[in-house]
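Here the structure comes first, spelled out in structure tokens, and everything after it is commentary.
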There are 2 protein chains.
Amino acid sequence: MSKDEPVTLIAVARVAGVSKTTASDALRDSGRVSERTKQHVIAVARRLGYSPNPAARSLRRASTGVIGLHLPEILTRSEYYMSFVFGVVDEAARHNHDVTLLTSNHLPGSFHRVDGVILGDPLETDPVVRGLIDSSVPVVTCERFTGEGAPAGVVLSDHAAMLEELLDHLVAAGARHVAFLASSTVTDWGRTLQRTYLDWSERHRRRPRLREMAFGSPSTVTQDNVRALLNADPEVDALVCAPDGAAAAVLPVVRAAGRTIGRDLLLASCVDSTALAHTDPPITAIDLRPRDAGSECARLLFDLLSGEAETGTVRTQPIGLVERASTRMA
Amino acid sequence: MSKDEPVTLIAVARVAGVSKTTASDALRDSGRVSERTKQHVIAVARRLGYSPNPAARSLRRASTGVIGLHLPEILTRSEYYMSFVFGVVDEAARHNHDVTLLTSNHLPGSFHRVDGVILGDPLETDPVVRGLIDSSVPVVTCERFTGEGAPAGVVLSDHAAMLEELLDHLVAAGARHVAFLASSTVTDWGRTLQRTYLDWSERHRRRPRLREMAFGSPSTVTQDNVRALLNADPEVDALVCAPDGAAAAVLPVVRAAGRTIGRDLLLASCVDSTALAHTDPPITAIDLRPRDAGSECARLLFDLLSGEAETGTVRTQPIGLVERASTRMA
DNA sequence: GTGAAAGCGCTAACAC
DNA sequence: GTGTTAGCGCTTTCAC
């Protein structure tokens with residue numbers, strides 16, 4: 001970590017008996033100095049505990065060694081984002097970059113310059129997201145940005161295919177009338193799921209039963225929605241919940257309505273979490289592999305920065321279905 | 001956000017027709033320039049879209065405008081930390097500081113200099129935590145650091161008092177034999193809870209029934225522990241779970257053992273989460289108010305940096321008990 | 001293969 | 001009340 005009296009490049013150069021240019025070149029492996037002096041300088045630097053001053057470096061260079069990570073706070077109650085963050089930080093560390101967090105409480109221009117930005121589930125309506133997309137720094141989004149403007153890179157998962165797989169799975173398990181508790185369409189994810197459900201319903205000539213909820217709705221809203229849905233449509237025999245945490249909140253409502261999960265009502269979630277593995281019964285869910293998604297976003301960003309990836313690159317990140325008791329008709 | 005061709009202080013000074021010192025002083029409100037020129041410079045800066053280059057600034061000054069936040073990944077599945085992070089970032093933004101994330105995967109000295117560091121639940125055994133505590137940057141920990149060395153500031157909650165309140169609450173609800181599923185003692189929190197439970201048991205002349213689990217244990221371990229506990233001690237009529245997520249994981253085991261929560265077994269958690277509000281029955285829990293804790297850590301750190309707080313300051317952060325159906329004997 | 005010097009954008013010390 | 005100057009620690013010409 002940091003020393004009490006930071007060791008500068010000049011100190012290293014002096015002790016090693018070379019100029020600071022040579023010291024700099026040796027430590028950065030520029031291929032300019034002889035192997036002998038290089039090793040010598042490196043040894044001296046290590047002995048003195050030298051570590052370069054990033055401020056000086058980024059003042060001189062174009063890059064800062066820092067990437068920004070923006071998450072919409074309204075969505076961040078979940079463990080999904082925590083894993084995502086660690087995926088990003090981990091990959092960034094591998095590229096010797098730090099990660100600073102940008103929130104929607106940040107005023108425009110109030111934060112440090114960054115080499116690039118990762119946007120987790122960018123909300124079309126978020127002004128900070130807007131500003132970031134419009135800025136000149138490379139942006140990678142996790143899921144598409146539904147507003148105007150194109151990020152330099154996009155990492156996405158095939159939510160449509162996975163939701164279809166889930167819906168088919170419900171039908172295979174005996175469901176005939178599948179309802180869908182949707183997230184709002186301000187994110188690409190929410191929009192994709194909603195569209196997929198409607199398309200699927202039409203293709204299978206099933207009347208869609210969809211209720212939409214705003215992000216960040218308290219679970220009482222979830223419960224009111226589901227209560228109303230089950231009342232209005234007693235024939236519903238399967239329910240898929242998009243919002244994180246909704247499926248678990250639904251359980252008491254279902255019970256109160258005199259229905260039994262796994263017997264006369266199947267239940268599934270579009271976001272897996274540890275909690276879902278231990279509800280009674282455990283709930284089938286789509287595993288979004290957030291840590292991998294985070295790493296992949298960072299990887300793409302660094303590829304973009306190094307020129308290994310072209311602007312406009314879109315990469316796909318696999319996700320999985322975790323089948324649990326809630327969708328096995330007893 | 002950042003401009004394509006960054007506007008420097010010199011540009012502002014030139015356009016405003018003053019020297020760069022005056023421009024600098026005007027923009028930083030140093031009290032050196034006349035009100036008239038100050039307003040003029042500010043207007044020009046705004047018009048040009050000037051924003052100071054933080055690298056240059058931190059190269060010249062002592063400070064960097066960045067604080068570090070370290071979280072132990074092993075504990076970070078929970079929504080607790082996500083809220084904590086946002087509390088920190090929010091307060092930091094209020095002080096015009098950015099937050100960079102430090103993880104235990106970071107190599108020593110591999111990250112940017114920071115003005116201070118916040119350590120969420122520092123693990124005694126984590127080498128990065130060790131290095132940070134030993135470094136010369138001010139450190140604020142959330143909960144005490146149980147190893148050698150003293151951080152500059154500590155934010156803590158009275159977990160002992162709150163756990164006692166919870167235990168008393170269980171007794172008042174009719175419990176006679178309260179078991180405790182403990183977290184390991186590598187964090188202050190885990191240690192405090194464990195000690196409090198044992199003290200309380202002794203004071204009330206009750207035989208302690210304690211099982212300890214390592215942080216990050218999969219929930220199958222939780223379940224095995226509880227199964228064993230209920231088997232070995234059928235008279236247990238209340239269970240308090242320390243690890244985040246454990247209480248929810250316990251429910252199926254309890255049911256399988258033929259016990260009914262709220263009738264012949266009371267259940268409570270030491271960490272509240274949205275999931276606990278919707279289990280069947282909802283589970284009583286201690287609300288740790290993580291967002292407030294995060295903000296308070298940042299506030300203390302900035303007070304330390306500005307000299308408004310003295311080294312060694314310890315501040316207390318209130319927490320609360322959320323009583324739910326799981327601890328109401330039917 | 002190595003060194004000297006310029007300068008990134010800013011702030012602080014010292015003029016006037 | 002304002003300007004001039006000297007660096008912060010590094011990388012990058014350009015010279016030898």
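In what follows, every chain begins at residue 1, and chains take the letters A, B, ... in the order their sequences are listed.
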- Note on the structure: Considering only heavy side-chain atoms of Thr22(A), the closest of dC10(C), dT2(C), dG9(D) is dT2(C)
- Query: Using the ring of each side chain (for Trp, its six-membered ring), is Phe302(B) parallel, tilted or perpendicular to His97(B), with breaks at 30° and 60°?
  - Reply: perpendicular
- Message: I need the CG-P distance between Leu27(B) and dC10(C), as an integer number of Å.
- Response: 9 Å
- Arg113(B) CZ to dC10(D) C1': how many Å, rounded? 12 Å
- Compute the bend angle of the helix from dG1(C)-dC16(D) to dC16(C)-dG1(D) from the end axes (five pairs per end), rounded to 10°. 40°
- Using the ring of each side chain (for Trp, its six-membered ring), is Phe84(B) parallel, tilted or perpendicular to Tyr81(B), with breaks at 30° and 60°? perpendicular
- Query: Is Arg299(A) paired with Asp303(A) through a side-chain N to carboxylate O contact shorter than 4.0 Å?
  - Reply: no
- Note on the structure: Between the CG atom in Asp121(A) and the CZ atom in Phe215(A), the distance rounded to the nearest 0.5 Å is 7.0 Å
- Query: Quick one: do Arg291(A) and Glu73(B) make a salt bridge, cutoff under 4.0 Å?
  - Reply: yes
- Query: Reckon Ser58(A) touches a base, only the sugar-phosphate, or nothing at all at heavy-atom distances under 4.0 Å?
  - Reply: nothing
- Taking atom CZ of Arg315(A) and atom SG of Cys297(A), what is their separation to the nearest 0.5 Å? 10.5 Å
- Thr146(B) side chain vs Asp188(B) backbone, donor-acceptor pair below 3.5 Å: no
- Message: Base contacts versus sugar-phosphate-only contacts with protein, heavy atoms under 4.0 Å: please encode nucleotides 11-16 of chain C as B, S and - from 5' to 3'.
- Response: BBBB--
- Query: Between the side chain of Thr8(B) and the main-chain N/O of Ala11(B), is any donor-acceptor distance below 3.5 Å?
  - Reply: yes
- Item | Thr37(B) vs dG1(D): side-chain N/O to OP1/OP2 distance below 4.0 Å | no
- The nucleotide from dC10(D), dG9(C), dT2(D) with an atom nearest the side chain of Leu59(A) is dG9(C)
- Message: From CD1 of Ile10(A) over to C1' of dC8(D), roughly how many Å is that when rounded to an integer?
- Response: 10 Å
